[in-house]
Amino acid sequence: MGIVEYSRALTIAEGGPDPLTDPPPTLLSAAPPSSTNNRKPAAILPPPPPPPCARVGCYNLGSLDKRCSKCLVASYCCVECQREHWPAHKKQCKVNRRFELSKQTEEYLFGLRVNFGAYFDRIFACNEEGFERYSALFEQLGNIGFELGRGINSITVGVLMILRSYRDREKLEALAKLTGRDEGFDDRALHLEAMRSLVPLLEEAYAAGDGVTEEEVLDGVMALGTAHMWMEEWDECKACYKRAEEGFVRLLGED
């Protein structure tokens, strides 16, 4: 039994509300964790904001009620934009539908949303500092869904919308930190996805003079190279490191 099922059943056994919407499992015979369930309740996050309309050239906000019915990720401001964008979206739609969170990451994100003692004990082994750091980053992601599996309100679709729809540097930076190898969940595939989406936004912000320095862009390129290295994608790793090295030499004026 996974941590989500264990924690859910334990919450119900202790008289708490069912954190999921479908019927609860049977109660567990296993002994409860030693520590008491005295952690603060999960933050009540506001509804997710509307992302930009996915059609290139449209600058309106999309609507969460007008999402692609196949991948549940691309949002549009109107039916006309959705129809016009379909030929361009079709390939990405298939990629989105194949996307899956690792079971561990899905359970970690679900547990951070539920935020109760049993989860804290089982996953973080009473590491208060780590739990609080992850909780702060989770709140930075905003409301990314509350269901397991893959549905319109699922955590998987919420993560995909951060990767593909929102174009929000703050959310992507939080996702990259949460999934990193050293201080995050060590989800290397998702970390690479986050860095791939983040670096172009850093480049655009630098070009527009929007508070991002060239050094920050190059740091992002280095981090992207490291993410490729963790996935053993050596050609992409070398290309990123070479670009960063050339940029720093130019920036610092060193041979």
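Put simply, the side chain of Lys94 reaches to within 4.5 Å of the side chain of Arg98, judged on heavy atoms. Taking 4.5 Å as the limit, every side-chain heavy atom of Trp230 sits out of range of all side-chain heavy atoms of Cys237. Val217 is listed as a side-chain neighbour of Arg243, based on a closest heavy-atom distance under 4.5 Å. Within the 4.5 Å cutoff, the side chain of Cys81 has heavy atoms near those of the Cys53 side chain. Considering only heavy atoms from C-beta on, Leu202 comes within 4.5 Å of Arg169 through its side chain. The side-chain heavy atoms of Tyr108 and Asp187, taken from C-beta on, include no pair separated by under 4.5 Å. Residues Leu163 and Leu172 meet the side-chain proximity criterion, which asks for heavy atoms closer than 4.5 Å. Here the side chains of Leu178 and Leu141 are in contact, with some heavy-atom distance below 4.5 Å.
How far NZ of Lys90 is from SG of Cys71: 14.0 Å, rounded to the nearest 0.5 Å. Between the OG atom of Ser135 and the CG atom of Leu112 there is a distance of 5.0 Å, given to the nearest 0.5 Å. From Leu64, atom CG reaches atom CG of Asn153 across 9.5 Å, with rounding to the nearest 0.5 Å. Atom SG of Cys68 is separated from atom CD of Gln82 by 6.5 Å, given to the nearest 0.5 angstrom. With rounding to the nearest 0.5 angstrom, the CZ atom of Arg97 is 11.0 Å from the CD atom of Gln92.
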Practice task
In sequence, state the C-alpha distance, the side-chain angles, and the governing distance for Leu109 and Phe185, and then conclude on side chain to side chain contact (heavy atoms under 4.5 Å, CB included).
Solution key: CA-CA 10 Å; Leu109 292 174; Phe185 300 158; 4.0 Å; yes
Exercise for the section: For Cys77 and Cys58, run side chain to side chain contact (heavy atoms under 4.5 Å, CB included): C-alpha distance rounded to whole Å, both residues' side-chain angles, the deciding distance at 0.1 Å, then the answer. Expected result: CA-CA 9 Å; Cys77 63; Cys58 180; 3.6 Å; yes
Handout entry: Working for salt bridge (charged side-chain N to carboxylate O under 4.0 Å, His left out), residues Arg250 and Glu245
Key = CA-CA 9 Å; Arg250 182 184 67 256; Glu245 180 183 15; over 6 Å; no
Exercise for the section: Report the C-alpha separation of Leu101 and Arg150 in whole Å, then their side-chain angles, then the decisive distance to 0.1 Å, and conclude whether the side chain to side chain contact (heavy atoms under 4.5 Å, CB included) test is met. Expected result: CA-CA 10 Å; Leu101 284 179; Arg150 190 185 183 94; over 6 Å; no
Exercise for the section: Show your working on side chain to side chain contact (heavy atoms under 4.5 Å, CB included) between Ile144 and Lys171 and close with a plain yes or no. Expected result: CA-CA 10 Å; Ile144 60 170; Lys171 293 179 185 296; over 6 Å; no
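Nearest heavy-atom pair, Val221 versus Cys240, reported as atom, atom and distance to 0.1 Å: CG1-O, 3.3 Å. When every heavy atom of Tyr166 is checked against every heavy atom of Pro49, the shortest pair comes out as OH-O, 2.8 Å. Between Leu251 and Leu218, the closest heavy-atom pair is CD2-CD1, 4.4 Å. Pairing each heavy atom of Cys93 with each of Lys70, the nearest pair is SG-CB, 3.6 Å. A pairwise comparison of heavy atoms in Ala54 and His85 identifies O-NE2, 3.4 Å as the closest pair. Contact detail for Arg113 and Asn143: the closest heavy-atom pair is NH1-OD1, 3.3 Å.
With sequence neighbours excluded, no residue forms a side chain to side chain donor-acceptor pair (under 3.5 Å) with Arg83. With sequence neighbours left out, the side chain to side chain donor-acceptor pair (under 3.5 Å) criterion links Glu204 to Arg167.
Clustering ILVMFWY residues whenever any of their side-chain heavy atoms sit less than 4.5 angstrom apart, transitively, puts Tyr76 in a cluster other than the one holding Leu160. In this structure, Tyr241 is a member of the same hydrophobic cluster as Trp234, with clusters built from ILVMFWY side-chain heavy atoms closer than 4.5 Å. If you chain together hydrophobic residues whose side chains sit under 4.5 Å apart, Val199 and Met231 fall into the same group.
With hydrogens and angles ignored, the 3.5 Å screen pairs no side-chain donor or acceptor of Asp186 with any backbone N or O of Arg188. Lys66 contributes no side-chain N or O that, together with a main-chain N or O of Ser75, makes up a donor-acceptor pair within less than 3.5 Å. Side chain of Ser154 to backbone of Glu147: no donor-acceptor contact under 3.5 angstrom is found. A donor-acceptor contact shorter than 3.5 Å is absent between the side chain of Glu106 and the backbone of Leu148. For Gln140 (side chain) and Glu170 (main-chain N/O), a donor-acceptor pair under 3.5 Å exists by modelled atom type. Distance alone, capped at 3.5 Å, is enough to place a donor-acceptor pair between the Thr179 side chain and the Leu175 backbone.
The number of heavy atoms from other shown groups lying within 6.0 Å of CZ (Phe99) is above 12. Within 6.0 Å of the NZ atom in Lys177, the count of heavy atoms belonging to other residues, nucleotides or ligands does not exceed 12. Other residues, nucleotides and ligands contribute over 12 non-hydrogen atoms within 6.0 Å of the CD atom of Glu214.
Residue pairs satisfying the salt bridge (charged side-chain N to carboxylate O under 4.0 Å, His left out) criterion with at least one member in residues 215-241, sequence neighbours excluded, are listed as follows: Arg196-Glu233.
With respect to Thr226, the side-chain contact (heavy atoms from CB on, under 4.5 Å) criterion is satisfied by exactly one of Met229, His228, Met222: Met229.
Aromatic pair Phe110/Phe146: centroids not less than 6.0 angstrom apart.
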